[in-house]
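See structure below.
Hydrogens, waters and symmetry mates play no part in the numbers below; they use all other heavy atoms, side chains included. Sequence positions, counted from 1, serve as the residue numbers for this chain.
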Amino acid sequence: MMIRSIPTVHFYPSHLETDHLQTSAITTPSTNHNFLRDATSRDYGSAAFSAARGGSIRSVLRRSNPAAAEAASATAVELDSAATTVRKFYDGINRRDLASVEDLIALNCVYEDLIFSQPFTGRKAILDFFKQFIDSISADLQFAIDDISEEDTSAVGVSWHLEWKGKPFPFSRGCSFYRLDVINCQRQIVFGRDAVEPAIKPGETALVAIRGVTWLLQNFPFLGDRL
């Protein structure tokens, strides 16, 4: 009967600074050469057995479950809060520094400014919009945050106004909502909506208009299809 030398697997707990399994040789009959693979797979999983052959558990995890590896990496990075990310967004606009704003906006972000008929879709379109905005106004006109929600990690509400050299600018109050996700280990804005104070305030006329439209929809239901 031929004698072969095969490795014995030693598994080190995660708190030890060891990124792989170490082996030492033992002697066993060749007829039992499959027991190591079976025992290792049963006790430590296929990742451990692969590590015993020269790879690391971390690299095996990355290959077999990329989502889990990315999540593990994200936990090791200290993320800005959602509110801090939005504050950085306004700060970058105030400083006219669009380069600092770019990474705060997701590639597929949708941004709605309700004075425009269509939303801006995608990071490039949003940056182009803000470039036009800052190019058309003085650097003395700045966003000032009145209130911002701090509790939610994925949604932020902001009330704000514009200031001219530190003084409130007429008809410039607004409210914004932002939804954020963690993308590539960074919190980014994936959706935004701005509602800005109108320069012309219809007052009770707006209620009359809403009442009139409601009456039309109730009496002519087919008009609802055109909304």
What I'd like to find out is whether the side chain of Val156 reaches to under 4.5 Å of the side chain of Asp152, using heavy atoms alone.
no
Here the gap from Ile126 atom CD1 to Leu98 atom CG, rounded to the nearest 0.5 Å, amounts to 12.0 Å
Residue pairs meeting side chain to side chain donor-acceptor pair (under 3.5 Å), one or both in residues 114-126, sequence neighbours left out, come to Lys124-Asp128
Exercise. How about Lys167: does its NZ atom have over 12 heavy atoms from other parts shown lying under 6.0 Å from it?
Worked result: no
Residue pairs passing the ring-ring contact (aromatic ring centres under 6.0 Å, His included) test with at least one member in residues 92-125, sequence neighbours excluded, are Tyr111-Phe130, Phe116-Phe120, Phe116-Phe129, Phe120-Phe129
Looking at side-chain heavy atoms only, is the closest gap between Val190 and Asn108 below 4.5 Å? no
* With a 4.5 Å heavy-atom cut-off, do Phe171 and Val196 have their side chains touching? -> no
Nearest heavy-atom contact between Ala155 and Ser149 is O-OG, 4.1 Å
Value for OG (Ser100) from NZ (Lys88), rounded to nearest 0.5 Å, stands at 9.5 Å
Contacts of Ser172 meeting side chain to side chain contact (heavy atoms under 4.5 Å, CB included) (sequence neighbours excluded), chain-then-number -> His161, Leu162, Phe169
All heavy atoms of Leu79 vs all of Cys185, minimum pair found to be CD2-O, 3.1 Å
When rounded to the nearest 0.5 Å, the distance separating SG of Cys109 from CD1 of Ile183 is 9.0 Å
- Item | Cluster overlap Ile93 with Ile148, hydrophobic side-chain contacts below 4.5 Å | yes
So the ring-ring contact (aromatic ring centres under 6.0 Å, His included) pairs with at least one residue in residues 176-208 (sequence neighbours excluded) are Phe89-Tyr178
Is any side-chain N of the basic residue among Asp181 and Arg187 closer than 4.0 Å to the acidic one's carboxylate O?
no
What one should report as the nearest heavy-atom pair of Gln142 and Ala139 is NE2-O, 2.8 Å
* Got a donor-acceptor contact below 3.5 angstrom from the Glu150 side chain to the Ala83 backbone? -> no
Q.
Quick check: is Val86 connected to Leu114 through a chain of hydrophobic side chains (ILVMFWY, heavy atoms under 4.5 Å apart)?
A. no
For Asp103, is there any backbone N or O sitting under 3.5 Å from a side-chain donor or acceptor partner on Gln188?
yes
Original post:
When you measure from the side chain of Asp97 to the backbone N and O of Gly92, does any donor-acceptor pair fall under 3.5 Å?
Top reply: no
Distance-only, no hydrogens or angles: does the Glu112 side chain make a donor-acceptor pair with backbone N or O of Arg193 under 3.5 Å?
no
When rounded to the nearest 0.5 Å, the distance separating CG of Asp140 from CH2 of Trp164 is 5.0 Å
Between Ile189 and Leu180, the two heavy atoms sitting closest are CG1-CD2, 3.9 Å
Checklist entry - Honestly curious: do Phe133 and Ile105 fall in one hydrophobic cluster under the side-chain, below-4.5 Å linking rule? => result yes
dist Asp194:CG -> Ser176:OG (nearest 0.5 Å) comes out at 3.5 Å
Per-pair distances, 0.1 Å, donor-acceptor, side chain in residues 212-219, under 3.5 Å, sequence neighbours excluded:
from	atom 1	to	atom 2	distance (Å)
Thr214	OG1	Ile210	O	2.8
Asn219	ND2	Trp215	O	2.7

Passes side chain to side chain contact (heavy atoms under 4.5 Å, CB included), Glu163 versus Leu141? Steps please.
CA-CA 6 Å; Glu163 291 184 350; Leu141 196 63; over 6 Å; no
CG (Asp80) and CD (Gln186) are apart, to the nearest 0.5 Å, by 8.0 Å
For Ser159, the side chain to side chain contact (heavy atoms under 4.5 Å, CB included) test, sequence neighbours excluded, returns Asp146, Asp147, Cys175
_Taking atom CD1 as the centre, does Ile200 end up with more than 12 heavy-atom neighbours from other residues, nucleotides or ligands that are less than 6.0 angstrom away?_
no
Is Asp91 paired with Arg87 through a side-chain N to carboxylate O contact shorter than 4.0 Å? no
